[in-house]
2 protein chains.
Amino acid sequence: MVDIFLPNGRESHLEVSEQILNVANKLFAERGYEGTSLSAIADEVGIRKPSLLYHYSSKDTLRQAVLARLMEHWQSVLPRILEAATSGDDRFESLVGEVVNFFAEDLDRARLLYREILDRPEELRDQMRAFLSPWLTILADYIRNGKQDGSVRPDIDPEAYILSVIQMIVGGLATNNVFGALFDGTDAPIERQAAELTRIARASLFTSEYLAKRYT
Amino acid sequence: MVDIFLPNGRESHLEVSEQILNVANKLFAERGYEGTSLSAIADEVGIRKPSLLYHYSSKDTLRQAVLARLMEHWQSVLPRILEAATSGDDRFESLVGEVVNFFAEDLDRARLLYREILDRPEELRDQMRAFLSPWLTILADYIRNGKQDGSVRPDIDPEAYILSVIQMIVGGLATNNVFGALFDGTDAPIERQAAELTRIARASLFTSEYLAKRYT
DNA sequence: CCTACCGATCGGTAGG
DNA sequence: CCTACCGATCGGTAGG
């Protein structure tokens with residue numbers, strides 16, 4: 001824990017093990033796990049590969065640490081997200097907005113998560129179950145209640161809807177630099193895509209009667 | 001071009017270069033480009049690595065050939081898709097259905113495409129522009145017309161909507177084995193997810209007035 | 001935190 | 001289509 005200028009030019013006031021985590025997160029997201037060497041990570045941190053292996057005893061250990069930190073971060077914002085979903089005036093916008101913000105504020109989160117899903121589906125399926133199931137159930141029940149009182153469309157498939165919307169948000173942001181580049185203009189495609197994602201999620205959830213009452 | 005039993009047990013009646021393409025497509029989709037060695041591909045085909053390099057002079061050449069074949073295949077079904085989009089009675093279902101079918105009939109297509117987008121965004125952005133722009137323009141105009149006659153929701157962002165739906169379909173199918181496993185039951189999650197994706201796309205596009213007239 | 005080093009595997013070539 | 005082989009790089013270890 002020293003304040004020095006690193007070879008890469010950035011001043012550091014972070015523990016080395018945390019710097020390693022940050023660099024690994026970035027490179028794994030950009031180039032993938034198999035496409036990133038331990039030397040490349042060590043270089044960008046400003047240490048040698050054996051020094052890296054002192055902090056994380058293997059490449060797989062480092063990968064798990066990066067993924068675990070993402071999941072912990074996600075869990076730390078979960079209470080706020082769930083509160084947004086079940087109270088307040090514009091709860092739907094708040095809910096989707098919180099999820100969008102979490103991934104939009106660091107697109108590498110979306111890219112890393114998507115890569116892990118493609119690389120290790122069995123492991124991620126278990127992780128997603130652990131970190132998503134609690135509020136998947138809550139939200140699905142919430143949607144079913146909405147069907148009863150007529151605010152939610154009757155032909156919706158609650159679980160499939162929620163998972164599709166999550167996937168649409170994460171995937172849409174992870175691929176924003178490709179799909180967003182197909183827009184006419186060249187300006188601010190993230191906000192534009194995020195806005196349309198929110199609109200799609202809202203319009204496909206609520207009945208027009210409810211929307212007319214709420215949003216006019 | 002001989003009919004023999006390969007070491008891997010599958011009878012072959014394909015040109016070797018086509019077998020290589022098939023195996024490479026599968027392994028690139030499953031493990032990624034960096035996670036797949038030329039030896040692994042050659043082994044599964046039943047030849048040696050230098051023989052593979054006779055057909056494709058480098059690993060990158062092979063990657064480009066795999067991607068090119070996917071794009072050509074996509075272009076070959078494009079006319080049918082565009083026809084479905086602009087004629088017939090239930091044109092919307094046909095359009096989305098064709099896109100869903102293309103990727104659902106071989107999930108490795110979706111996985112490969114998504115991996116390429118993450119691995120090489122600049123290259124894929126150009127490819128997507130070439131293979132998507134022609135009908136992105138057509139469909140966007142079509143949606144704008146729908147705004148005029150009241151069949152399409154006025155607050156839609158045509159380009160962002162189309163690209164979001166494409167991403168939702170490709171991403172939803174590429175990650176189906178992970179997200180689909182979170183459903184209650186264990187049966188047929190692809191059809192269930194595909195059905196909900198179609199519903200979301202439809203409900204977020206049309207006005208309720210138009211849907212009431214069309215689907216009752 | 002480092003230097004020095006390990007066996008294994010990588011993409012690719014020579015030559016037939 | 002093969003065997004034999006190349007330099008480079010991989011993840012990881014020994015030892016300080």
Side-chain angles (χ1 to χ4, degrees), chain A residues 1-8 10-28 30-67 115-116 119-120 123, chain B residues 1-8 10-28 30-67 115-116 119-120 123:
Chain A
M1 172 85 132
V2 265
D3 264 291
I4 47 154
F5 278 97
L6 295 171
N8 58 25
R10 290 183 287 98
E11 192 176 358
S12 163
H13 22 252
L14 295 167
E15 301 284 355
V16 174
S17 62
E18 200 171 343
Q19 290 183 54
I20 294 172
L21 233 42
N22 289 339
V23 172
N25 192 308
K26 174 188 149 199
L27 294 185
F28 286 164
E30 278 176 11
R31 313 174 189 176
Y33 177 77
E34 296 290 347
T36 305
S37 69
L38 292 178
S39 301
I41 298 170
D43 278 1
E44 193 159 326
V45 173
I47 59 176
R48 300 292 176 187
K49 185 175 57 172
S51 308
L52 188 157
L53 286 163
Y54 164 78
H55 293 280
Y56 301 94
S57 57
S58 74
K59 194 184 182 185
D60 192 69
T61 301
L62 176 56
R63 179 189 66 79
Q64 289 179 38
V66 169
L67 186 57
R115 284 190 182 277
E116 286 292 315
D119 284 347
R120 272 163 289 274
E123 178 180 340
Chain B
M1 171 87 131
V2 265
D3 263 290
I4 48 154
F5 278 97
L6 295 172
N8 59 24
R10 290 183 287 100
E11 194 178 356
S12 164
H13 26 252
L14 294 169
E15 299 285 355
V16 174
S17 62
E18 200 172 342
Q19 291 183 54
I20 294 172
L21 232 43
N22 289 340
V23 172
N25 192 308
K26 174 187 147 197
L27 293 185
F28 286 164
E30 278 176 9
R31 315 174 188 174
Y33 177 78
E34 297 289 348
T36 305
S37 69
L38 292 179
S39 301
I41 299 171
D43 278 1
E44 194 157 326
V45 173
I47 59 176
R48 300 291 175 187
K49 185 176 58 173
S51 309
L52 188 157
L53 286 163
Y54 164 77
H55 293 280
Y56 301 94
S57 58
S58 74
K59 193 184 182 183
D60 192 67
T61 301
L62 177 56
R63 178 189 68 78
Q64 289 180 36
V66 169
L67 186 57
R115 283 191 183 277
E116 286 293 314
D119 285 346
R120 274 162 288 274
E123 179 181 339

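Naming convention: chains lettered A, B, ... in sequence-line order (proteins, then strands); numbering from 1 in each chain.
Of the charged side-chain nitrogens involved, at least one lies within less than 4.0 Å of a carboxylate oxygen, so that Glu116(A) and Arg63(A) count as a salt-bridged pair.
Taking both residues in full, the closest heavy atoms of Arg48(A) and Ala42(A) are given as C-CB, 3.7 Å, listed atom of the first, atom of the second, then distance. Nearest heavy atom pair, residue Tyr56(A) against residue Ser17(A), reads OH-O, 2.9 Å. Closest approach of Ile41(B) to Ala24(B), counting heavy atoms only: CD1-CB, 4.1 Å.
Leu53(A) comes within 4.0 angstrom of a nucleotide base, judged by non-hydrogen atoms across all strands. Here Ser51(B) lies in heavy-atom contact (under 4.0 Å) with a base. If you check every strand for non-hydrogen atoms under 4.0 Å, Thr36(A) touches sugar and phosphate atoms only.
Counting heavy atoms from C-beta on, the side chains of Asn22(A) and Glu44(A) never come closer than 4.5 Å.
Atom CG in Leu67(B) sits 11.0 Å away from atom CG in Leu62(B) (nearest 0.5 Å). Here the straight-line distance linking atom CG of Leu21(A) with atom NE2 of His55(A) works out to 11.5 Å at 0.5 Å rounding.
The outermost nucleotides of DNA chain C lying under 4.0 Å from heavy atoms of chain A, listed 5' to 3', are dC1(C) to dA4(C).
For the pairing with Ile20(B), the side chain to side chain contact (heavy atoms under 4.5 Å, CB included) check across Val66(B), Leu38(B), Leu14(B), Leu52(B) returns one residue only, Leu52(B).
In the helix from dC1(C)-dG16(D) to dG16(C)-dC1(D), the end axes, each obtained as the rotation axis mapping the C1' atoms of four pairs onto the next four within a five-pair block, lie 0° apart to the nearest 10 degrees.
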